[in-house]
Amino acid sequence: MLKKLLDHRLIFLTSGIKRSVIIPSDFDLCTQMKLLNDKKKFKEALELFDKYKENNNKTLSSYTITQALKASARIRDLQRGSTIHQFISSDMKDNSYILVSLIHLYMQCSEVTRAQSLFDTASEKSLHTYGAMMKGYIKNHMTNKAIDLFKEIKNPDEVIIIILCNAGAQLGTNEALSLIKKVSSQMPKHFYSNLRLLTSLLDVLMQCGDVKHAQALFDTSTTKILSMYGAMMKGYIKNNMATKAIDLFKEIKDPDEIVINLLFTACAELGTSEALNLTKIVSSQMPKHFYSNLRLLTSLLDALIQCGNVTHAEALFNRSIKKISPLYGVMMKGYNTNNMANKSIDLFNEIENPDDVNFIMLFNACAQLGTHEALNLIKKVLSQIPKHFYSNFHLLTSQLDALIKCGDFSTAEILLSKMKKSVISYGNLMSGYLKTDNPEKVLDLFDRMKNDNIEPDFIIYLCLIKALSHIGDYSLSQLTVQQIPNSFLLNDRIQNTLIDMWVSSN
DNA sequence: ATAGGGTTAG
């Protein structure tokens, strides 16, 4: 695009002063906005845009509007983006650059319907338009829609295939894997020399569990860029092969922040003393400014804690000038796993804007204590949780767990009735009733589960048999056990628990 | 204009 602009400028420079007063000012605006956007200074780019609009009544070029839309999309400023949309002249609305930018804007702001209607009414649909729609669907977790759209495309280019790989990686299913394999075998061979495409391909193969295929592809590539190592390491971690991820890391000459981050994740996964040594060596050898990357620091602390060195993690945490919620979260997790729930709670009280994970960690700490004070804290915190966190299933589950562990079954029951029903939450409440010697409640919950059409799992049946064992009613036991599928009756632990039950009811 | 690999969670 810059080349096009430069061409414009050359024309205007040679065509007299009069034009150079009007046009180059918009040109300058556009170049400056692009520079700011490239530096991720989106707000500044938009301020410049506003200032220019105030002082000039002239129509803006499509290049400038594209930059303004891009900045609005990146900061997810729907209000501003819509205003610009209204401001666009009708003949410019057919411009394909503007169309793509508008779709991108609405998709980034989760306004899928508005993006869809722009797409549907567009007179011409370019590959870029399809690409923006597909990317938007992925962003809004409507992955299958992205794949459906892909199937409409006759000659996908490299970018479209990259986006398709992203969709496949998000799904991680066998269906996604076979689609990717089919598409990659049919695409022009020279696409394989596009290393960004190759990275996405490695990523999707790994996320769908085809480690061997990814390895073969990685090994045959003569040129290997860092992102390819990153995709492989991420894939090994995902497929529980952390050691392989570490081995691959050792082959990298100049690791960047991303692959080091992946290394720390792998080390955290292993949690061995070798992993601890490696974490210490790499963190001491990496450039000092990496420590101010808070995402990287979070992984580093996690690795140290999981490998058992809480003291070192604490020291680094205290040394960090800037502290973000995830950094508190990882420390709280560390205290929780080391049975230091009180320290975890103290840390929570220092957080200015707790995120969802912070709340989860607090609930875990309260569950660990199981005291009356802990219950009071849970109730105090409940009123502080922002409403949008209530869609986070993890948060509700750990909240339920904390209430049960602190013995507040009535509040737990209310929460369960409001939650999306699941085996996990039922199992949690059942084992709570079992521990507090309420076997009748366990049977009651089992019936409610059946009414909710939830498929019981191993844990549920185990709780059920133990509850029957507590009650000790032979005919009730016989009647209930008939409902357990044979596949579960073959399990050793189920069989042992059953034996205990028959003994106690005779 | 749409394009790659990264943190904490039941």
Fill in the blank from the handout: By side-chain hydrogen bond (donor to acceptor under 3.5 Å, both in side chains), A:Ser82 pairs with (sequence neighbours left out) none
Problem - A:Asn392 and A:Asp356 side chains, donor-acceptor separation under 3.5 Å - result: yes
Practice task
Search all heavy atoms of A:Thr243 against all heavy atoms of A:Leu270 and return the closest pair with its distance.
Solution key: OG1-CD2, 4.0 Å
Practice task
Report yes if a donor N or O on one partner sits less than 3.5 Å from an acceptor N or O on the other, where the partners are the side chain of A:Thr298 and the base of B:dT7; otherwise report no.
Solution key: yes
Practice task
Classify the side chain of A:Asn261 and the base of B:dG5 as holding, or not holding, a donor-acceptor pair under 3.5 Å.
Solution key: no
Would you indicate which nucleotide in [options] comes nearest to any side-chain atom of [X]?
| X | options | value |
| --- | --- | --- |
| A:Asp256 | B:dG5, B:dG4, B:dT2 | B:dG5 |
| A:Val159 | B:dG6, B:dT7, B:dT2 | B:dT2 |
| A:Thr265 | B:dT7, B:dG5, B:dA1 | B:dT7 |
| A:Ile162 | B:dT7, B:dT2, B:dG4 | B:dG4 |
| A:Ile225 | B:dG4, B:dT2, B:dA3 | B:dG4 |
| A:His104 | B:dG4, B:dA9, B:dT2 | B:dT2 |
| A:Ile163 | B:dT8, B:dA3, B:dA1 | B:dA3 |
| A:Asp302 | B:dT8, B:dA3, B:dA9 | B:dT8 |

Distance in angstrom units between [X] [atom1] and [N] [atom2], rounded:
| X | N | atom1 | atom2 | answer |
| --- | --- | --- | --- | --- |
| A:Lys244 | B:dG5 | NZ | C1' | 19 Å |
| A:Leu195 | B:dG4 | CG | C1' | 10 Å |
| A:Phe191 | B:dA3 | CZ | P | 17 Å |
| A:Glu158 | B:dA1 | CD | P | 18 Å |
| A:Leu300 | B:dT8 | CG | P | 13 Å |
| A:Leu127 | B:dT2 | CG | C1' | 10 Å |
| A:Asn293 | B:dT7 | CG | C1' | 9 Å |
| A:Gln306 | B:dT8 | CD | P | 10 Å |

Exercise for the section: Assign the ring pair A:Phe119 / A:Tyr130 to parallel, tilted or perpendicular, where the plane angle (0 to 90°) is split at 30° and 60°. Expected result: perpendicular
Problem - side chain to side chain donor-acceptor pair (under 3.5 Å) between A:Tyr137 and A:Asp148, worked out - result: CA-CA 10 Å; A:Tyr137 280 135; A:Asp148 290 344; over 6 Å; no
Check residues 204-213 of chain A and write down every donor-acceptor pair under 3.5 Å in which the side-chain atom is one partner and the other belongs to a residue at least two apart or another chain.
| residue | atom | partner | partner atom | Å |
| --- | --- | --- | --- | --- |
| A:Asp210 | OD1 | A:His213 | N | 3.2 |
| A:Asp210 | OD2 | A:Lys181 | NZ | 2.7 |

Problem - Test: A:Lys224 cationic atom under 6.0 Å from A:Tyr229 six-membered ring centre, within 45° of axis - result: no
Practice task
Tell me what A:Ser425 touches on the nucleic acid: a base, only sugar-phosphate, or nothing, going by heavy atoms under 4.0 Å.
Solution key: nothing
Practice task
Quick one: label A:Leu197 by what it contacts on the DNA or RNA (base, sugar-phosphate, nothing), any heavy atom closer than 4.0 Å.
Solution key: nothing
Problem - A:Met92 CE to A:Ile98 CD1 distance, which is reported to the nearest 0.5 Å - result: 5.5 Å
Practice task
Determine: side-chain N/O of A:Lys234 to OP1/OP2 of B:dG6, distance under 4.0 Å, yes or no.
Solution key: yes
Practice task
Ignoring backbone atoms, test whether A:Gln207 places a side-chain nitrogen or oxygen under 4.0 Å from the OP1 or OP2 oxygen of B:dG5.
Solution key: no
Completion exercise
Here the residues of residues 342-362 of chain A within 4.0 Å heavy-atom distance, strictly under, of DNA chain B are A:Val357, A:Ile360, A:Met361
